[in-house]
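This report concerns only the one structure given below.
Given the structure is predicted, the values throughout are model-derived calculations rather than measurements. Below, chains carry the letters A, B, ... as their sequence lines are ordered, and counting in each starts from 1.
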Amino acid sequence: MSRKIRVRFAPSPTGGLHLGGVRTVLFNYLFAKKQAGDFIVRIEDTDQTRFVEGAEAYIFDTLAWCGIIPDESPLHGGPFAPYRQSERKAGYRQYAEQLVKDGYAYYAFDTPADLEAMRVAFKTAENPSPQYNQPIREKMRNSLTLSETETKELLAQGTPHVIRIKMPLHETISFTDMIRGEVSFNTSQVDDKVLLKADGMPTYHLAVVVDDYLMKISHAFRGEEWLPSAPVHLLLWKWLGWQADMPEWAHLPLILKPDGNGKLSKRDGDRLGFPVFASDWTDPKTNETTTGFKQHGFLPEAFVNLLAMLGWNDGTDQEIFSMEALIQAFSMDRVHKGGAKFDYEKAKWYNHEWIKKSTAADLKSYVSKIYTDKAIAVTNEALLLKMIDAVKDRCTLLNDFVQQGSFFFQMPESIDTAAIQPKWDDKKNQFFVELIRAYELSSVWETHDLEREFKELAAAHQLKPGELMLPLRIMLVGGKFGPGVFDIAAAIGKTETVNRIKLVTGMLEQGART
RNA sequence: GGCCGGUUCGUCUAUCGGUUAGGACAGCCCCCUUUCACGGGGCAAAGACGGGUUCGAUUCCCGUACCGGCUACCA
């Protein structure tokens with residue numbers, strides 16, 4: 001075990017980065033960084049029909065937001081470039097040809113129509129999806145059933161063809177998965193996967209093995225959905241003569257939908273009202289935007305934290321981890337075998353914890369951006385910091401700072417007069433008229449003085465402060481929420497405080513007359 | 001259908017054969033708070049089922065059930 005740790009994340013650029021995808025990246029990254037290894041991003045764009053413009057840039061932007069910077073990638077360069085499989089196309093064919101030469105693979109000339117016909121012809125109740133496997137291949141058009149001259153002729157004519165792996169009969173293939181332990185397969189159950197497509201591009205199966213070998217990948221981690229094709233990859237490593245360099249494997253559990261069953265999908269988020277992508281993704285074809293955790297008001301630290309805890313823990317009760325702490329604590333053998341249902345409530349809790357834990361200075365740029373987007377003018381930076389400190393405990397998502405704090409900078413957008421109108425009377429009005437006068441004459445403007453003046457005046461009017469605090473709060477804040485009223489008054493200043501009291505008493509008086 | 005994988009409170013999970021099965025989210029209650037939160041305290045809530053192995057199984061083995069993944073010239 002002296003070889004350099006090198007892991008890779010190999011996404012195909014087909015759209016937004018899904019929770020499960022980011023978690024796969026994260027586990028790769030944590031594993032590598034814990035052991036001072038390299039983290040590589042390789043773009044698996046071998047399916048040209050599924051290529052989506054902008055998806056690759058999106059992946060790097062999103063990883064950067066999470067605080068994950070690859071050591072090697074098409075964007076960051078590296079000694080094993082190129083890191084896009086489409087640019088490595090020319091290299092794959094030789095390996096497929098070598099496998100044919102060695103008797104481990106063969107040319108297949110079946111057209112899509114032939115394959116379709118085969119599936120229909122062999123479909124039975126017991127076998128609803130017939131595979132291109134050992135018994136079937138003998139009935140198809142390939143270099144195993146055709147004579148050598150026929151094959152050569154077809155090849156020479158440029159007949160479209162693929163190269164398929166020739167799965168052996170009744171062999172047991174087993175390997176040790178770092179999470180699941182020993183897993184074994186009978187090769188008779190695996191079909192003859194296409195290795196090289198008719199367009200000359202490799203399929204995932206060939207490309208992943210060739211590139212992992214060429215890029216000296218030491219550990220290959222991927223989602224559980226890949227487990228069934230592991231025997232194909234194992235055989236390829238063996239047949240290509242690279243067995244000694246084969247990476248160690250781990251198949252990560254899936255992230256499941258919160259209700260019902262099955263893998264979490266983008267549709268579940270739309271349906272249940274929470275993000276599934278890490279950050280906003282706009283499909284260039286439909287122009288449709290799917291919101292991400294980032295734009296939903298999540299802190300990257302919280303997003304990374306909640307993802308890490310989905311299927312992993314360090315064995316203690318600790319739940320809040322920074323990236324550094326995760327790197328320290330992470331180990332693949334503590335990753336679960338079973339899938340985890342995603343719980344958005346718990347996800348929000350992580351974010352709330354991180355907001356509470358962050359300082360006003362940490363949060364300032366996020367809040368500023370949101371306020372700018374909402375056209376809330378912040379002219380006083382000290383007040384912004386004061387506001388963040390005052391309200392962050394009540395913000396679960398960053399966007400909550402709008403509702404919880406914008407009244408520090410502008411008149412509340414709506415004023416819940418209905419909450420106080422029924423109990424409004426002349427006595428209260430009189431009190432506030434005098435409060436305005438008292439505050440206007442005030443020489444000091446501090447929380448405690450404001451509170452003292454308020455209470456003394458209430459006593460003079462033979463009113464309970466409790467009956468007057470809520471009206472004052474509504475006047476300043478607009479609703480039944482927020483930090484202490486006198487703190488708010490102190491923060492927004494005399495002019496603004498007096499103006500708001502005047503404005504709302506006016507509204508209440510008018511309301512009382514109608 | 002076949003193959004592979006999985007199964008502890010509603011959810012995320014702890015437990016290296018011996019525990020009153022612990023924590024967290026959500027829920028409910030109380031305290032704090034002349035608002036809303038934060039905070040503090042409490043309640044309720046789990047080993048899929050059946051067989052073994054063992055002095056003793058949530059833990060190890062087998063079977064069953066259920067759930068999931070795969071079964072494309074997609075990854």
Compare the minimum distances between each of [options] and the side chain of [X], then state the nucleotide with the smallest one.
| X | options | answer |
| --- | --- | --- |
| A:Lys356 | B:A75, B:C38, B:G69 | B:C38 |
| A:Lys341 | B:C12, B:C73, B:C4 | B:C12 |
| A:Val183 | B:C4, B:U35, B:A75 | B:C4 |
| A:Ala340 | B:A75, B:C36, B:U13 | B:U13 |
| A:Leu227 | B:G1, B:C4, B:U34 | B:C4 |
| A:Arg119 | B:G2, B:C73, B:G69 | B:C73 |

Both distances below 3.5 Å, Watson-Crick or wobble geometry, any strand: find the nucleotide opposite [N].
| N | result |
| --- | --- |
| B:C55 | B:G18 |
| B:C28 | B:G42 |
| B:C66 | B:G6 |
| B:U71 | B:G1 |
| B:U35 | none |

Separation between the [atom1] atoms of [N] and [M], rounded to whole Å:
| N | M | atom1 | result |
| --- | --- | --- | --- |
| B:U11 | B:A46 | C1' | 12 Å |
| B:C4 | B:U64 | P | 13 Å |
| B:G18 | B:U71 | P | 42 Å |
| B:A57 | B:A21 | C1' | 13 Å |
| B:G63 | B:G22 | C1' | 31 Å |
| B:C16 | B:C29 | P | 37 Å |
| B:A14 | B:U53 | C1' | 26 Å |
| B:G1 | B:G50 | C1' | 26 Å |

What nucleic acid atoms does [X] come within less than 4.0 Å of, heavy atoms only: base, sugar-phosphate, or nothing?
| X | answer |
| --- | --- |
| A:Lys348 | nothing |
| A:Gly479 | nothing |
| A:Leu196 | nothing |
| A:Pro483 | base |
| A:Asp110 | base |
| A:Gly338 | sugar-phosphate |
| A:Ser129 | base |
| A:Ala198 | base |
| A:His336 | sugar-phosphate |
| A:Arg334 | sugar-phosphate |
| A:Ser229 | nothing |
| A:Lys193 | sugar-phosphate |
| A:Met309 | sugar-phosphate |
| A:Thr49 | nothing |

Check the distance between [N]'s [atom2] and [X]'s [atom1] and give it to me in whole angstrom.
| X | N | atom1 | atom2 | result |
| --- | --- | --- | --- | --- |
| A:Asp47 | B:A75 | CG | C1' | 8 Å |
| A:Asp314 | B:A14 | CG | P | 11 Å |
| A:Lys257 | B:U11 | NZ | P | 16 Å |

How about [X] and [Y]: does a side-chain donor come under 3.5 Å of a side-chain acceptor?
| X | Y | result |
| --- | --- | --- |
| A:Tyr132 | A:Asp110 | yes |
| A:Tyr92 | A:Glu97 | no |
| A:Asn127 | A:Thr124 | no |

Check whether any side-chain N or O of [X] sits under 4.0 Å from OP1 or OP2 of [N], and answer yes or no.
| X | N | value |
| --- | --- | --- |
| A:Asn313 | B:A14 | yes |
| A:Thr46 | B:A75 | yes |
| A:Lys392 | B:C36 | no |
| A:Arg164 | B:C73 | yes |

Where does the angle between the aromatic ring planes of A:Phe274 and A:Phe342 fall among parallel (under 30°), tilted (30 to 60°) and perpendicular (over 60°)?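 Rings of A:Phe274 and A:Phe342: tilted, 30 to 60°.
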
Once the angle between the rings of A:Phe293 and A:Phe298 is folded into 0 to 90°, is it parallel (under 30°), tilted (30 to 60°) or perpendicular (over 60°)? perpendicular

Is the A:Tyr204 to A:His233 ring centre distance short of 6.0 Å?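 Yes - the distance between ring centres of A:Tyr204 and A:His233 falls below the 6.0 Å cut-off.
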
Hey, would you say the A:Trp312 and A:Phe27 ring centroids sit under 6.0 Å apart? no

Charged N to carboxylate O below 4.0 Å: is that the case for [X] and [Y]?
| X | Y | result |
| --- | --- | --- |
| A:Asp47 | A:Arg50 | yes |
| A:Asp268 | A:Arg271 | yes |
| A:Arg8 | A:Asp212 | yes |

How would you summarise protein contacts on nucleotides 20-26 of chain B per nucleotide, using B for base, S for sugar-phosphate only and - for none, with heavy-atom distances below 4.0 Å? ---SBS-

Look at the side chain of A:Arg394 against the base of B:C36 and say whether a donor-acceptor pair falls under 3.5 Å; ignore hydrogens and angles.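 Such a pair exists between side chain and base.
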
Show me, pair by pair, the donor-acceptor contacts under 3.5 angstrom made by side chains of residues 180-192 of chain A, not counting sequence neighbours?
from	atom 1	to	atom 2	distance (Å)
A:Arg180	NE	A:His251	O	3.2
A:Arg180	NH2	A:His251	O	2.9
A:Asn186	OD1	A:Ser188	N	2.8
A:Asn186	OD1	A:Ser188	OG	3.2
A:Thr187	OG1	A:Pro168	O	2.8
A:Thr187	OG1	A:Glu171	N	2.9
A:Thr187	OG1	A:Glu171	O	3.2
A:Ser188	OG	A:His170	N	2.6
A:Ser188	OG	A:His170	ND1	3.1
A:Asp191	OD1	A:Lys193	NZ	3.1
A:Asp192	OD1	A:Arg137	NH1	3.1
A:Asp192	OD1	A:Met167	N	3.1
A:Asp192	OD2	A:Tyr106	OH	2.5
A:Asp192	OD2	A:Arg137	NH1	2.7

Heavy-atom count around A:Gln157 CD within 6.0 Å, excluding the residue itself: above 12? yes

Kindly say whether A:Leu397 contributes a backbone atom to a donor-acceptor pair with the side chain of A:Lys348 at under 3.5 angstrom?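 Not a single qualifying donor-acceptor pair exists.
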
How would you label the glycosidic angle of B:C4: syn (within 90° of 0) or anti?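 What B:C4 shows is an anti base, its glycosidic angle lying more than 90° from 0.
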
Below 4.0 angstrom, which residues in residues 204-215 of chain A have at least one non-hydrogen atom near RNA chain B? A:Tyr204

